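The structure appears right after this line, and notes come after that.
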Number of protein chains: 2
Amino acid sequence: MQRDKLPTIKEIAKRLKVSTSTVSRALHNHPSIGYITTYRVHKLADEMGYEPNHTAISFKQRKTYTIGVLLPNLSEAFFSAAISGIENFAGTKNYNVLLGQSLDDPEREKRIIETMKTHRVDGMIVSITKNTENYDHFDQLAKYRIPIVFFDRIPEKENINYVACNLESGLLQALNLLIEQGHRKIGLINGPDQLIASNQRKETYLKGLVGNNIQPDDKLMVSSTLSKESNQQATNSLLELKDRPTAIITFNDYVALDAIAIAKKQGLVINKDVCIVSFANLPIWEYMDNRPLASIEQFPYRQGEKASEILFSFIESQPSTDDESKEPLSNQQIIFDSELIKHL
Amino acid sequence: MQRDKLPTIKEIAKRLKVSTSTVSRALHNHPSIGYITTYRVHKLADEMGYEPNHTAISFKQRKTYTIGVLLPNLSEAFFSAAISGIENFAGTKNYNVLLGQSLDDPEREKRIIETMKTHRVDGMIVSITKNTENYDHFDQLAKYRIPIVFFDRIPEKENINYVACNLESGLLQALNLLIEQGHRKIGLINGPDQLIASNQRKETYLKGLVGNNIQPDDKLMVSSTLSKESNQQATNSLLELKDRPTAIITFNDYVALDAIAIAKKQGLVINKDVCIVSFANLPIWEYMDNRPLASIEQFPYRQGEKASEILFSFIESQPSTDDESKEPLSNQQIIFDSELIKHL
DNA sequence: TTGTATGCGTTATCAG
DNA sequence: CTGATAACGCATACAA
């Protein structure tokens with residue numbers, strides 16, 4: 001039962017009869033410390049099993065070597081892939097990742113931002129809640145000079161850093177493919193109207209049709225709350241049309257799963273009677289018989305890496321002493337191009 | 001461009017012409033501080049936008065209010081569900097979660113443990129690598145009195161805390177169901193031999209058969225490295241048998257996906273010519289046509305919660321001052337019962 | 001009920 | 001090349 005005393009530089013200094021500053025510098029291989037002293041310090045430190053106390057260093061340096069990551073939901077494959085990329089990148093910088101999930105609850109989101117702030121993370125990557133309307137808590141981070149990079153779900157706001165995915169490229173590819181294959185009645189099962197993501201899909205959908213000289217039809221555009229029931233209902237409302245669509249683009253893979261199930265129940269053959277194209281978030285279509293014709297891929301892992309990269313460009317540019325000389329970095333707004341991945 | 005000076009209790013004390021200790025205590029609503037003083041302190045603190053500096057507190061209290069979670073892989077649904085449960089539980093205790101993924105690389109695992117240690121997390125939840133053989137780095141945590149709860153993939157070692165899942169219950173249920181349905185040749189596609197998880201499956205498989213008076217057949221037990229190729233090969237070797245099994249139990253859902261694909265390619269009808277039962281880690285079977293007859297569910301989210309609960313029982317029992325009076329808590333080893341969930 | 005003094009472990013600024 | 005000392009922000013033992 002050894003005593004609570006952990007080795008500190010002070011202890012090393014005492015035993016070596018040198019000063020703590022010497023030990024500190026020796027441990028950092030500071031050039032001003034003699035070779036022999038440096039060696040002796042390292043040797044004793046090893047023997048004593050000395051390990052720097054990170055909490056003391058964080059305190060002193062005002063740096064925690066930790067970034068905060070706030071995501072709506074870790075059980076969604078899209079986000080867990082993203083955090084995987086983030087964690088990986090942070091690791092290369094010897095940074096740790098402090099995790100929070102908002103569960104799409106703005107109150108929770110606010111609380112988490114609060115704790116991240118008091119923890120003094122060196123930076124944050126955030127994907128906001130579906131319902132976040134007030135951005136004050138994010139602005140508060142500026143007070144502590146905590147840079148923030150928004151990710152995927154970004155606020156409607158000027159002067160922010162973000163990494164997101166341009167759904168347009170992939171969706172236009174999808175529409176072109178479908179039209180090329182002779183489809184003229186192409187349905188859209190969109191998400192809730194208030195989501196930016198829904199709007200983007202809608203705009204691009206319309207643009208893609210018009211660009212191919214196809215007259216959009218309001219009846220072919222339906223919305224779902226993204227619950228299973230709502231997905232099913234939306235699918236039904238499309239399939240019950242007199243002029244049934246021969247292809248359907250769904251808001252995401254979960255909607256696609258529901259849509260496929262309903263279509264099959266109605267005796268339709270997937271990708272023959274009705275083609276499905278979805279925005280990807282599941283990695284397992286290749287195993288399924290009734291899978292979409294193609295998915296619009298958003299590369300969450302790479303997006304996560306990119307967001308980290310941007311965040312670290314800010315973290316590393318921060319003057320350690322308050323050296324106001326350097327220009328503040330300007331905002332970075334990276335937009336990935338989504339891509340159509342065919343499954344058949 | 002406001003100055004770097006953030007409000008501290010010292011600043012509040014100065015303005016209120018009281019001592020820092022008074023402010024500190026007032027902020028904590030210490031009963032010894034007068035109502036009026038307490039009020040004034042809170043008021044000014046609010047006005048100044050005071051927020052406690054967590055790094056200072058961590059340093060002083062030797063507590064970081066952070067737990068470390070080390071998992072092999074965040075992109076696996078099982079683990080992302082688990083971390084979701086952990087994060088959630090930690091949140092209720094106002095704790096943060098520091099994240100690390102080993103990617104099944106023992107070196108990486110060791111490095112992460114190292115950083116977690118220097119970060120002085122208050123506790124850890126760890127699921128070890130497939131190849132972890134040396135547990136020294138875990139033992140090092142004891143030096144800092146960092147309690148550790150192993151999760152799911154646990155080391156073969158005495159005197160540890162862990163939460164894991166008893167595969168026996170679910171697997172026996174599965175075997176009973178299959179045998180009840182008339183199956184006599186039941187194959188097993190297991191994982192690598194060195195995995196405890198594989199061994200458990202094998203033992204139980206044998207036990208279940210013998211208990212039902214069925215003579216096990218070595219040829220019906222095959223192993224896979226869990227790569228796609230190996231899964232396919234293992235499946236083939238079973239299906240090519242003269243006495244082809246009429247049911248196959250797979251190591252996990254990914255193996256099941258591969259097995260189902262191969263079986264179909266060979267013209268077999270799933271759950272008619274050959275029944276599949278798998279150990280669950282995918283949440284989407286209900287959408288698939290060719291799905292296993294049933295899955296053995298392990299409840300990762302709940303396991304994560306439970307692991308957190310145990311960890312906090314240790315964290316909270318830790319004497320803040322080195323008060324050696326209390327008995328150290330004895331090890332807790334919780335084993336969940338897996339359950340068979342039918343899909344058809 | 002409040003104040004004073006101290007220390008947590010480290011780095012940094014001086015001075016030598 | 002090295003040492004003494006202050007400082008980071010907070011909590012607490014002790015004193016009043």
Side-chain angles (χ1 to χ4, degrees), chain A residues 3-41 45 48-65 117-120 144-145 319-323, chain B residues 3-42 45 48-65 117-120 122 144-145 319-323:
Chain A
R3 213 65 202 99
D4 225 0
K5 282 299 168 201
L6 293 167
T8 68
I9 54 171
K10 212 184 268 182
E11 184 63 23
I12 297 177
K14 199 196 291 176
R15 296 212 202 171
L16 249 34
K17 297 189 201 298
V18 296
S19 72
T20 59
S21 35
T22 301
V23 176
S24 172
R25 285 187 281 236
L27 253 13
H28 291 276
N29 294 314
H30 192 285
S32 79
I33 301 295
Y35 176 77
I36 306 172
T37 314
T38 303
Y39 173 79
R40 290 179 62 220
V41 168
M48 296 175 64
Y50 167 79
E51 301 186 60
N53 182 335
H54 197 269
T55 65
I57 295 172
S58 293
F59 174 48
K60 178 85 173 112
Q61 313 279 55
R62 292 130 174 270
K63 279 198 109 208
T64 53
Y65 300 94
K117 193 170 55 181
T118 58
H119 263 265
R120 299 287 198 272
Y144 293 91
R145 305 235 179 120
S320 50
T321 58
D322 34 11
D323 165 16
Chain B
R3 215 60 204 100
D4 225 1
K5 282 297 169 201
L6 294 167
T8 68
I9 56 170
K10 209 185 275 180
E11 184 62 21
I12 297 178
K14 198 196 294 177
R15 295 213 202 171
L16 249 34
K17 296 189 200 301
V18 296
S19 72
T20 59
S21 43
T22 303
V23 175
S24 172
R25 286 187 279 237
L27 253 13
H28 289 117
N29 295 314
H30 193 284
S32 79
I33 300 297
Y35 177 76
I36 306 172
T37 313
T38 303
Y39 173 80
R40 290 179 61 220
V41 168
H42 273 109
M48 296 174 64
Y50 167 79
E51 301 185 61
N53 182 335
H54 196 268
T55 64
I57 295 173
S58 294
F59 174 47
K60 177 90 174 97
Q61 313 280 64
R62 290 130 175 269
K63 279 198 108 205
T64 53
Y65 300 96
K117 192 171 57 181
T118 58
H119 264 263
R120 299 287 198 271
D122 293 345
Y144 292 92
R145 305 238 178 118
S320 48
T321 59
D322 34 10
D323 164 17

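Treat the numbers as computed from the prediction; the structure is a model and nothing was measured.
Using a 4.0 Å cut-off, no side-chain N or O of B:Thr8 falls inside it from OP1 or OP2 of D:dG9. The side chain of A:Thr22 contributes an N or O atom lying less than 4.0 Å from OP1 or OP2 of D:dG3. In terms of phosphate contacts, B:Lys10 brings a side-chain nitrogen or oxygen within less than 4.0 Å of OP1 or OP2 of D:dC8.
You cannot call A:Phe59 stacked on the base of C:dT10; the centres under 5.5 Å and planes under 30° rule is not satisfied.
Here D:dC1 presents its C1' atom at 14 Å from CZ of A:Arg40, a figure rounded to the nearest Å. At whole-Å resolution of the value, OH in A:Tyr144 and P in D:dG9 are 11 Å apart. Remark: P of D:dT12 and CD1 of B:Ile33 are 13 Å apart, rounded to the nearest angstrom. Remark: P of C:dT6 and CD1 of B:Ile9 are 17 Å apart, rounded to the nearest angstrom. One can place CG of A:Asn53 at 13 Å from C1' of C:dT11, the figure rounded to the nearest angstrom. Rounding to whole angstrom units, OH of residue B:Tyr65 and C1' of D:dA11 are separated by 11 Å. Going from atom NZ of A:Lys14 over to atom P of D:dT2 covers 21 Å, rounded to whole Å. Here D:dT12 presents its C1' atom at 9 Å from CD of B:Gln61, a figure rounded to the nearest Å.
Not a single donor-acceptor contact under 3.5 angstrom links the side-chain atoms of B:Arg120 to the base of C:dG9. You'll find a donor-acceptor pair under 3.5 Å spanning the side chain of A:Arg25 and the base of D:dG3, going by distance alone.
Rounding to the nearest 0.5 Å places CZ of A:Arg120 at 4.5 Å from OH of A:Tyr144. Here the OG1 atom belonging to B:Thr37 is positioned 11.5 Å from the CZ atom belonging to B:Arg25, to the nearest 0.5 angstrom.
Closest of all the heavy-atom pairs between B:Tyr65 and A:His119 is O-NE2, 3.9 Å. Closest of all the heavy-atom pairs between B:His54 and B:Thr64 is CE1-O, 3.1 Å.
For B:Ser19, the side-chain atoms get nearest to C:dT4 when compared with the rest of D:dA11, C:dT4, D:dT2. The side chain of A:Val18 lies closest to D:dG3, out of C:dT10, D:dG3, D:dG9.
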- [ ] Test side-chain contact (heavy atoms from CB on, under 4.5 Å) on B:Leu6 and B:Glu51 and set out the steps.
- [x] CA-CA 9 Å; B:Leu6 294 167; B:Glu51 301 185 61; over 6 Å; no
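Contact annotation for B:Thr55: no contact, since no heavy-atom pair falls under 4.0 Å across all strands. Backbone-only engagement by B:Ile57 is indicated by non-hydrogen atom pairs under 4.0 Å involving sugar-phosphate atoms exclusively.
Here the side chain of A:Ser58 pairs no donor or acceptor atom with the backbone of B:Thr55 at under 3.5 angstrom. Looking only at distances, no side-chain donor or acceptor of B:His28 sits under 3.5 Å from a matching main-chain atom of B:His30.
Both A:Ser21 and A:Pro31 lie near DNA chain D, and the one whose nearest nucleotide falls closer to the 5' end is A:Pro31. Mapping A:Glu51 and B:Thr20 onto DNA chain C by nearest heavy atom places B:Thr20 closer to the 5' end of the strand. Along DNA chain C, the nucleotide nearest B:Lys60 and the nucleotide nearest B:Tyr35 are compared for position; the residue whose nucleotide lies closer to the 5' end is B:Tyr35.
Taking a pair as Watson-Crick or G-U wobble with both distances under 3.5 Å, the runs of three or more consecutive pairs in DNA chain C are C:1-16 with D:1-16.
With sequence neighbours left out, A:Arg40 forms a side-chain contact (heavy atoms from CB on, under 4.5 Å) with A:Leu16, A:Ile36.
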